[in-house]
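Structure first, then comments.
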Amino acid sequence: TDTVLKVGAKVGENGKIFGSVTNLQLADALQKIGFEVERKNIQIMNEPIKEIGTFDAKVKLFKDIVSDIKFEVVGE
């Protein structure tokens, strides 16, 4: 099964978030589940992320190893 990483954000009306989700927030979320990844090694697809929903990112794990991950932005 695919694990979807959850990233919390402050949400206003209509599902829009305040600000946008960044690679720093993804790095923090990955760290909480046991993965140390530098934010510079995370590329969010379709930036900027300004609403709740499910999105994709690429994470460079090692020199030649890149993993695709899904993350879900949820209201806090």
Side-chain angles (χ1 to χ4, degrees):
T1 63
D2 290 336
T3 300
V4 177
L5 184 66
K6 294 200 184 295
V7 178
K10 297 209 181 297
V11 179
E13 294 187 27
N14 302 326
K16 299 290 184 192
I17 66 174
F18 296 107
S20 62
V21 173
T22 66
N23 57 355
L24 179 59
Q25 288 166 288
L26 278 182
D28 288 344
L30 285 166
Q31 184 178 16
K32 286 179 185 173
I33 61 169
F35 296 98
E36 291 288 335
V37 179
E38 289 187 47
R39 66 187 271 184
K40 68 180 182 181
N41 292 331
I42 300 172
Q43 178 186 5
I44 298 174
M45 312 311 288
N46 303 316
E47 281 190 286
I49 305 298
K50 294 185 171 281
E51 58 190 33
I52 58 174
T54 303
F55 303 93
D56 297 304
K58 291 190 179 290
V59 178
K60 184 176 181 182
L61 302 172
F62 299 102
K63 183 179 177 186
D64 296 322
I65 299 175
V66 176
S67 178
D68 293 322
I69 64 167
K70 286 194 177 298
F71 65 97
E72 182 178 3
V73 178
V74 295
E76 291 185 321

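In this text, all values refer to a predicted model and were calculated from it rather than measured experimentally.
- In terms of the salt bridge (Lys or Arg N to Asp or Glu O under 4.0 Å) criterion, residue partners of D68 (sequence neighbours excluded) are, by chain and number, K58.
- Hydrophobic cluster membership is shared by F35 and L61, with clusters built from Ile, Leu, Val, Met, Phe, Trp and Tyr side chains linked at under 4.5 angstrom.
- Each side-chain hydrogen bond (donor to acceptor under 3.5 Å, both in side chains) pair with one or both residues in residues 8-18, not counting sequence neighbours, appears once here: K16-E51.
- Under the 4.5 Å side-chain contact rule for hydrophobic residues, I42 and I33 share a cluster.
- Take E38 and apply the side chain to side chain contact (heavy atoms under 4.5 Å, CB included) test, not counting sequence neighbours, and it matches K40, N41.
- Taking I49 as the reference, V21, I44, F55, F71, V73 meet the side chain to side chain contact (heavy atoms under 4.5 Å, CB included) condition, with sequence neighbours excluded.
- Note that NZ of K50 is 7.5 Å distant from CD1 of I17, once rounded to the nearest 0.5 Å.
- Contacts of E72 classified as side chain to side chain contact (heavy atoms under 4.5 Å, CB included), with partners at least two apart in sequence or in another chain: V4, K6, T54, V74.
- Every residue was checked against the salt bridge (Lys or Arg N to Asp or Glu O under 4.0 Å) condition with K32, not counting sequence neighbours, and none meets it.
- We find the CG-CD1 distance between L26 and I69 to be 5.5 Å, quoted to the nearest 0.5 Å.
- Here L30 contributes atom CG and N23 contributes atom CG; the two are 10.5 Å apart, rounded to the nearest 0.5 Å.
- Following chains of ILVMFWY side-chain contacts shorter than 4.5 Å, one can reach F62 starting from V37, so the two form part of one hydrophobic cluster.
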